[in-house]
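Taking it in order: structure first as structure tokens, then the write-up.
Remember, it's 1-based here, ligands and their atoms both numbered in the order they're listed. From a predicted model like this one, the values you see are computed outputs, not experimental measurements.
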Amino acid sequence: MTARLVTIPFSHYCEKARWALEACGVEYREEGHLPMFHVMPVKLAGGGRTVPILVDGRTIVADSTPIIAWADARRPGTLLPVDERDREEALQLEDDLDRQLGPATRRWAYFHLLPHEDLDRFITKDVPRWQRLAFKVARPVALGMIRRGLKIDAAGAERSRKKIDDVFELVGELLADGRRFLVGGRFSVADLTFASLAAPILFPEQYGVVLPPRSELPAEALDRVETWRGSRAGAFALRLYANHRRPAAG
Ligand SMILES: N[C@@H](CCC(=O)N[C@@H](CS)C(=O)NCC(=O)O)C(=O)O
């Protein structure tokens, strides 16, 4: 039976899981939902509250980190380094990035993009039609819930901007010795995690679902995005996407 990945399609933690499944050659089908509308399907599938969650027969794997471990077990060594010390280092980086970078890029991108109703089409793509229609009607309420739930306001966005700068600086320092990957000389979970969690502020073309083109970003956000894209860490993430991720379907 084909595994099922329950997602919020544009979510970068879902992208992290999706990329891992594809890298490990796992066949799966994606079931996308809008934020808030995801709660019931995730519970019914046996998960907690967040996506992604993977369902493979009776096996339920919640959270992108165990999903990567599950995918790697099917093709060992694809993402989790075989060398024990490298593996520990890569998993530690994954954990740090999950806790620091992921929430910061999400908050910054939401703050700048949510007010622009014309960008809703990217949020509402690949979800059931009824959710799309309900979102149209309930937009102010849904956005209010997202904003309150994730503390999305100007001060939060500015804190997140600083956090992203700090993480990019740290990653830039790691890369300063000329290494091509973060750990162990080859592509691993650490690289995949950095690139996918940085994606909401870099807009790589190969992201697993279509993101807004940069030409449609509000000017003040675009400036910052271009700065991040041009930084050592940003250019690294874009290279990982170009070389290690299949192009997004139309
Ligand atoms: N540690 C989790 C984080 C996942 C996460 O934060 N997912 C968000 C989407 S980006 C979510 O489901 N938010 C909905 C909610 O919290 O209700 C993972 O790596 O899977």
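With respect to atom 9 (C) of ligand 1, the closest heavy atom belonging to the protein is Ser11 OG, 3.6 Å. The nearest heavy-atom contact from the protein to atom 20 (O) of ligand 1 is Ser64 N, 2.8 Å. In terms of protein heavy-atom proximity, atom 2 (C) of ligand 1 is closest to Asp63 OD2, 3.2 Å.
Residue Asp56 forms a salt bridge (charged side-chain N to carboxylate O under 4.0 Å, His left out) with just one option from Arg29, Arg4, Arg74, and that option is Arg74. When each of Arg245, Arg75, Lys16 is tested with Glu22 by the rule salt bridge (charged side-chain N to carboxylate O under 4.0 Å, His left out), just one qualifies, namely Arg245.
Under a 4.0 angstrom heavy-atom cut-off, His38 registers as being in contact with ligand 1.
At least one N or O atom of Arg106, backbone or side chain, sits closer than 3.5 Å to an N or O atom of ligand 1. For the pair His12 and ligand 1, the shortest N or O to N or O distance does not fall below 3.5 Å. Among the atoms of Val51, some N or O lies under 3.5 angstrom from an N or O of ligand 1. Polar contact check, Thr50 against ligand 1: no nitrogen or oxygen pair lies under 3.5 Å apart.
Annotation for ligand 1: atoms under 4.0 Å from non-hydrogen atoms of Arg49 are 15 (C), 16 (O), 17 (O). Within ligand 1, the atoms closer than 4.0 Å to a non-hydrogen atom of Pro52 are 20 (O), numbered from 1 in the order shown.
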In sequence, state the C-alpha distance, the side-chain angles, and the governing distance for Arg147 and Tyr110, and then conclude on side-chain contact (heavy atoms from CB on, under 4.5 Å). CA-CA 8 Å; Arg147 286 196 173 105; Tyr110 264 148; over 6 Å; no
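Atom CD of Glu84 is surrounded by 12 or fewer heavy atoms from other residues, nucleotides or ligands within 6.0 Å.
Using a 3.5 Å distance cut-off with no hydrogens or angles, the side chains of Arg132 and Thr124 do not pair a donor with an acceptor. His33 and Thr7 form no side-chain donor-acceptor contact under 3.5 Å, judged by distance and modelled atom types alone. Under the 3.5 Å distance criterion, with hydrogens and angles disregarded, no donor-acceptor pair is assigned to the side chains of Asp95 and Thr65.
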